[in-house]
Amino acid sequence: MDGFKNFLFRGNLVDLAVAVIIGTAFGAVVTTFTNWLTAQMPDSTSEVFSNEANSFGAFLNAVISFVILAAVVYFLVVTPYVKAKERFFPSPAPGTPEDIELLRQIRDSLAGGGAHKG
């Protein structure tokens, strides 16, 4: 079970799934916007807001659906994922990594040794 947990939390599985969901929903927004722009506009302005497939109403519906879907994905997938990831794989403590600190000690040692030679 540890391997599966590592697969879920260390990989980009959730990031990729969220990207596919959001990308698909945004594709619908772009499609309806393009259809609305390229459609022949009727003579009456009241018909612009009708329920036809190429209307502003369809575009507005796609935008609202996208925002709702993004909120659901964020609050029900992303937020719990981030909390679980921090619980099982906490971020390293801030500070200088060991290898950088070791390199600094070597640099200081070499700089100090060079001054004593002459």
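If you're wondering where the values come from, they're calculated on a predicted model, not measured in any experiment.
Not one N or O on the side chain of Ser109 forms a donor-acceptor pair closer than 3.5 Å with the backbone of Gln105.
For Thr24, the side chain to side chain contact (heavy atoms under 4.5 Å, CB included) criterion is met by Val20, not counting sequence neighbours. Residues satisfying the side chain to side chain contact (heavy atoms under 4.5 Å, CB included) test with Leu16, not counting sequence neighbours, are Asn12.
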Going by atom type alone, with no hydrogens or angles, which donor-acceptor pairs under 3.5 Å involve a side-chain atom of residues 57-77 and a protein atom two or more places apart or on another chain?
from, atom 1, to, atom 2, distance (Å)
Ser65, OG, Asn61, O, 2.9

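Between the CZ atom in Arg104 and the CG atom in Asp99 there is a gap of 10.5 Å [rounded to 0.5 Å].
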